[in-house]
Chemist: 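Input: one structure, supplied below.
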Number of protein chains: 2
Amino acid sequence: MPRRPDPERLAAWRLLLEAHAAVVDRLGRELEAECGLPLTWYDVLLQLSSAPEGRLRMRDLARAVLLSRSGLTRLVDRMETAGMVCREAHPSDGRGANAVLTPAGRAALRRAAPVHLRGIDAHFARHLSDADAAALGDALSRVVAAERDPA
Amino acid sequence: MPRRPDPERLAAWRLLLEAHAAVVDRLGRELEAECGLPLTWYDVLLQLSSAPEGRLRMRDLARAVLLSRSGLTRLVDRMETAGMVCREAHPSDGRGANAVLTPAGRAALRRAAPVHLRGIDAHFARHLSDADAAALGDALSRVVAAERDPA
DNA sequence: TGCCAGTAGTTGTTCCTGCAACGACCATGC
DNA sequence: GCATGGTCGTTGCAGGAACAACTACTGGCA
């Protein structure tokens, strides 16, 4: 017989869906309004800036920003047109390409980060007690890990 | 000065994004593969079935499934073509329309529900302790409530 | 009664995404 | 050397979503 989640956990799942939708929507709008920057662009800039030398292989960047390879190709196209990233051939793998953060991209991230972090605090973090944050981190990291390793 | 979330809460936010993406993607694929039903369709069927008489105003349904009004119009178009819902004029408000669950829609939901619930258990609920579930529900309901009431 | 701001649902348009397919390239086998 | 299977990034294509404009209707007010 199929295992079903109990009502408490089912409600938790539903709440996760609602909270995600509400907060992502809000953060996206705020970032767009105050910095003219889509959330996906911010994510790319952030991932690149926290990578060594501000560059990342397309494949790895796609994984980091939770996008398909083709999706990332178009996204980097747009951001390259906007001058925030550029491409370079991979030094050792002839198939590969790196996306590289440009100074303009770094500047955009510096402008956007305070806005986004303030939003995360106001719309999410502020409502979590220390215990909540710990439990959430614990539980969700197990969920993510289980999905990564189809053990 | 702008308030910034501490690293622990920031990590929790990031994990929520990753868990949401991973689990929604997985659940959607499983439902599509085993029942030929997109996740959004399931959500519509579920909301309708839990409404009195299996009918809901378009506006309310749109809110319930976290979609824009225009998005819901097209979605109901597709589902109506598939015979799972139908529209009827609202009895008292000449502007309004109700989406109504058909027998076929009810049957599809009955087939899909076990699959989906099993998935929620396997990919999400199973990884939560009782305390985790309680903390998650508590915290996320506060987040959602705060977003609903711009207090 | 007639007017009119507000709301409901639909439609046109545009944007973004994933899938499938493709050429280029790597790596391992013979 | 060179075939072969696999990976990387890109592209054609189709589907789904949001925004804004539009029509139809409501409800309050003079």
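Excluded from the calculations below are hydrogen atoms, water molecules and symmetry mates; all remaining heavy atoms, backbone and side chain alike, are included. Each chain gets a letter, A, B and so on, in the order the sequences are listed, and its residues count up from 1. Because the structure is predicted, anything quoted here is derived from the model rather than measured.
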Chemist: On DNA chain C, nearest-nucleotide positions of G96(B) versus T40(A): which is more 5'?
Modeler: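 So the residue in question is G96(B).
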Chemist: Quick one about H116(A) and E30(A) (side-chain donor to acceptor, distance below 3.5 Å, no hydrogens or angles considered), yes or no?
Modeler: no
Chemist: With heavy-atom distances below 4.5 Å as the criterion, would you say the side chains of M58(A) and R69(A) are in contact?
Modeler: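 They are not in side-chain contact.
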Chemist: Determine whether any donor atom in the side chain of S70(A) lies under 3.5 Å from an acceptor atom in the base of dC19(C), or the reverse, and answer yes or no.
Modeler: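 Such a pair exists between side chain and base.
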Chemist: From CG of L61(B) over to C1' of dG9(C), roughly how many Å is that when rounded to an integer?
Modeler: 13 Å
Chemist: Base of dT26(D), side chain of R95(B) - is there a donor-acceptor contact under 3.5 Å?
Modeler: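 For R95(B), whose side chain was compared with the base of dT26(D), there is no donor-acceptor pair (under 3.5 Å).
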Chemist: Find the distance L75(B):CG to dA18(D):P and express it as a whole number of Å.
Modeler: 10 Å
Chemist: Whole Å only: how far is the CG atom of D60(A) from the P atom of dT7(D)?
Modeler: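 So the CG-P distance, D60(A) to dT7(D), works out to 14 Å.
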Chemist: Quick one: on DNA chain C, does R59(B) or D77(B) contact a more 5' nucleotide (nearest heavy atom)?
Modeler: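 Nearest-nucleotide comparison on DNA chain C picks R59(B).
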Chemist: Rounding to an integer number of Å, can you tell me how far R78(A) CZ sits from dC16(C) P?
Modeler: 5 Å
Chemist: L67(A) side chain: which of dT17(C), dC26(C), dT7(C) is closest?
Modeler: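 Selected nucleotide: dT17(C).
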Chemist: When the distance from CG of L66(B) to C1' of dG16(D) is rounded to whole Å, what number comes out?
Modeler: 16 Å
Chemist: Quick one: closest heavy-atom pair of Q47(B) and L56(B), and the distance?
Modeler: O-CD2, 4.1 Å
Chemist: Would you kindly give the CZ-to-C1' distance between R69(B) and dG12(C), to the nearest whole Å?
Modeler: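 Answer to the nearest Å: 16 Å.
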Chemist: Taking the nucleotide of DNA chain D with the nearest heavy atom to each, does D93(A) or W41(B) sit closer to the 5' end?
Modeler: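 That would be D93(A).
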Chemist: For the side chain of T73(B), starting at C-beta, report the closest nucleotide among dC8(D), dG9(C), dT10(D).
Modeler: dG9(C)
Chemist: Test salt bridge (Lys or Arg N to Asp or Glu O under 4.0 Å) on D121(A) and R9(B); report intermediate values, then the result.
Modeler: CA-CA 8 Å; D121(A) 179 68; R9(B) 285 173 172 76; over 6 Å; no
Chemist: Please figure out whether G71(B) or R87(A) has its closest DNA chain D nucleotide nearer the 5' end.
Modeler: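 Closest to the 5' end, via its nearest nucleotide, is R87(A).
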Chemist: If I take atom CZ in residue R57(A) and atom P in nucleotide dC26(C), what distance separates them, rounded to the nearest angstrom?
Modeler: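 These atoms are roughly 10 Å apart.
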Chemist: Begin with the C-alpha distance, continue with both residues' side-chain angles, and end with the deciding distance and a verdict on salt bridge (Lys or Arg N to Asp or Glu O under 4.0 Å) for D60(B) and R55(B).
Modeler: CA-CA 10 Å; D60(B) 300 322; R55(B) 67 197 63 210; over 6 Å; no
Chemist: What nucleic acid atoms does R74(A) come within less than 4.0 Å of, heavy atoms only: base, sugar-phosphate, or nothing?
Modeler: base
Chemist: Quickly work out the E80(A) CD to dT10(D) P distance and round it to whole Å.
Modeler: 9 Å
